[in-house]
Amino acid sequence: MTKASDIFTLKNRNNVEVSFIGRGGQIVGIKVPDAKGNLADVVVGYETVDAALAGDTYFGALCGRYANRIVKGKFELEGTSYQLDINNESNHLHGGFDGFNMRVWEVEPYRSRKYVQAYKLSLTSPDGDQNYPGELTVSVIYGLTGDNEFVIEYTAKTTKATIINLTSHAYFNLKGAGTGTIEKHELQLNASKYTPIDGEIGTVTGEIAEVNNTAMDFLDGKPIGEACTSNDAQVKLVDGIDHNFVIGGYDGTLKLAARLLDPESGREMEVYTDQPGIQVYTGSHFDSSETGKLGTPIEKWGGVALETQTFPDSPNKENFPNAVLKPGKTYNHTCVYKFNS
Ligand code: BGC
């Protein structure tokens, strides 16, 4: 049996190293070299496993059953209404009070020719867990390739029709967590559309809008700080970016969704996914009250989460992708974080 504090590490010959713990499958460190071979830990978090266990449980964690928000925690499926936890103002967030980020996943080594090293994380979520229908059997592969790709492969099956949206919640800072903010990081998104949010609803309105002529236009790449400090009303609502972007050319196969570059260190990360959306969140709620890596405060905009997933509140929005999983079908989701220097 895996314990909450058990720590597992994947490593390749280029000294890329991914570490995670049993609780939440929480990624607690990703070491990546720059062009000169200097290593930095590029995920925001804490210095010790004990601190990670006591700290923000979403850092680097697997989120589910429904990552992101569901308006008022309500949805209807096959004629039945469900009420989920309201754990984020008036909405449901990341699976509720006892989401998958809180669970101890069963971890075992996983062998595949694709990976230099890999682990399989498993979890069974009983029927009715957090009020979601169906027993959900989830497995997640964390694999590291020889080409510096950290791959997350999710699969899940259910015994009753249910809704699902799994993601990974690492906040990246390619200069190194604890060395300042990501304002100078350049972000490029393969997204000409995004889903605007509303302050009162607390999440998406259901509209799918063009990024054209707004702070949300990352098509050509630009410093994240430029967007975060703009006067755009969408930015002001969340003091930065906390938005779902519609990935261009979505067809269920792997597509480049995002490219993040730290011009100073030259470290770059590409994100590929077969999902329709990517939530970009610039860590606007970090307030320096907690001590993170390198013994420095975890400050506002200290990292950016690039969470591949379906859209927020999809179960209540007919024009959004379908997030229903039926018995006999398998939920599949792949996310690749590829590091270049
Ligand atoms: C959401 C943020 C939320 C954060 C919690 C992100 O995925 O987009 O709104 O505050 O998770 O860690």
Side-chain angles (χ1 to χ4, degrees), residues 2 4 20-28 56-71 73-75 77 82-88 91-107 119-142 150-171 203-204 244 273-279 281 305-316 320-327 329-335 337:
T2 304
F20 64 97
I21 58 174
R23 204 268 326 262
Q26 202 177 348
I27 297 159
V28 292
D56 188 323
T57 61
Y58 292 128
F59 281 11
L62 292 167
C63 298
R65 292 185 184 192
Y66 200 95
N68 218 315
R69 292 180 173 81
I70 295 180
V71 174
K74 286 186 198 305
F75 71 99
L77 192 56
Y82 294 92
Q83 177 65 60
L84 304 169
D85 290 346
I86 304 297
N87 60 332
N88 186 258
N91 297 322
H92 180 76
L93 177 72
H94 297 328
F97 290 111
D98 188 22
F100 288 176
N101 56 309
M102 303 299 287
R103 307 295 168 85
V104 179
W105 292 64
E106 193 55 39
V107 181
Y119 284 99
K120 179 178 173 180
L121 296 80
S122 311
L123 184 74
T124 302
S125 168
D127 187 5
D129 188 8
Q130 307 302 290
N131 284 344
Y132 286 90
E135 181 185 89
L136 194 75
T137 316
V138 189
S139 82
V140 178
I141 309 291
Y142 280 169
F150 172 51
V151 183
I152 308 178
E153 292 180 68
Y154 307 81
T155 51
K157 280 186 162 294
T158 183
T159 56
K160 287 183 192 159
T162 192
I163 57 167
I164 184 165
N165 183 34
L166 305 178
T167 199
S168 169
H169 207 302
Y171 291 94
T203 182
V204 293
N244 166 63
T273 188
D274 54 9
Q275 292 297 291
I278 185 165
Q279 180 81 14
Y281 178 48
L306 297 168
E307 311 159 37
T308 61
Q309 54 187 272
T310 191
F311 300 178
D313 203 34
S314 286
N316 296 309
F320 282 9
N322 192 334
V324 173
L325 178 67
K326 294 205 169 152
K329 299 277 183 213
T330 304
Y331 168 84
N332 285 299
H333 168 180
T334 300
C335 171
Y337 293 113

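Residues take their numbers from the sequence shown, with the count starting at 1.
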Self-check item: Mutual orientation of the aromatic rings belonging to Tyr171 and Phe59 [parallel < 30°, tilted 30-60°, perpendicular > 60°]
Solution: perpendicular

Quiz item: Measuring from Lys329:NZ to Lys157:NZ, what's the distance to the nearest 0.5 Å?
Solution: 9.0 Å

Quiz item: Is any side-chain heavy atom of Pro312 less than 4.5 Å from a side-chain heavy atom of Gln279?
Solution: yes

Quiz item: Are any non-hydrogen side-chain atoms of Phe320 and Pro276 less than 4.5 angstrom apart?
Solution: no

Exercise. Please check if any side-chain donor atom of Asn88 sits under 3.5 Å from a side-chain acceptor atom of Asn91, or the reverse.
Key: no

Quiz item: Should Tyr154 and Val138 count as side-chain neighbours, where that means a heavy-atom distance under 4.5 Å?
Solution: no

Quiz item: Below 6.0 angstrom between ring centroids: does that apply to Tyr82 and His92?
Solution: no

Practice problem: Anything under 30° is parallel, anything over 60° is perpendicular, the rest tilted; go ahead and classify Tyr58 against His169. | Solution: parallel

Quiz item: Taking side chain as C-beta onward, heavy atoms only, is Asn68 less than 4.5 Å from Thr167?
Solution: no

Practice problem: Verify, without hydrogens or angle tests, whether Arg65 (side chain) and Phe100 (backbone) share a donor-acceptor contact under 3.5 angstrom. | Solution: no

Practice problem: Evaluate side-chain contact (heavy atoms from CB on, under 4.5 Å) for Ile152 paired with Tyr337, printing each intermediate quantity in order. | Solution: CA-CA 8 Å; Ile152 308 178; Tyr337 293 113; 4.0 Å; yes

Quiz item: Hey, are the side chains of Leu62 and Val140 touching, using non-hydrogen atoms and a 4.5 Å cut-off?
Solution: yes

Quiz prompt | Gln26 (side chain) donor-acceptor with Asn101 (main chain) under 3.5 angstrom | solution = no

Quiz item: Would Tyr142 and Tyr119 count as a close aromatic pair, with their ring centres under 6.0 Å?
Solution: no

Quiz item: Backbone N or O of Val204 within a donor-acceptor pair of the Asp313 side chain at under 3.5 Å?
Solution: no

Quiz item: Can you check whether Leu121's main-chain N or O pairs, donor with acceptor, with Ser139's side chain at less than 3.5 Å?
Solution: no

Quiz prompt | Flag side-chain contact, heavy atom, 4.5 Å: Pro133 against Thr162 | solution = yes

Quiz item: Can you tell if the side chain of Asp129 reaches within under 4.5 Å of the side chain of Arg103, non-hydrogen atoms only?
Solution: yes

Quiz item: Out of curiosity, Ile278 CD1 to Phe311 CZ, how far, rounded to the nearest 0.5 Å?
Solution: 12.0 Å

Quiz item: Short question: side chain of Glu135, backbone of Thr124 - any donor-acceptor pair under 3.5 Å?
Solution: no

Self-check item: Passing candidate, side-chain contact (heavy atoms from CB on, under 4.5 Å) with His333, options Asn165, Thr310, Thr308
Solution: Thr308

Exercise. Kindly say whether Leu166 contributes a backbone atom to a donor-acceptor pair with the side chain of Tyr331 at under 3.5 angstrom?
Key: yes

Practice problem: Say whether, by atom type as modelled, one donor and one acceptor occur between the side chain of Tyr66 and the main chain of Ser314 under 3.5 angstrom. | Solution: yes

Quiz item: What is the distance from atom NE2 of His94 to atom CD of Glu307, rounded to the nearest 0.5 Å?
Solution: 5.5 Å

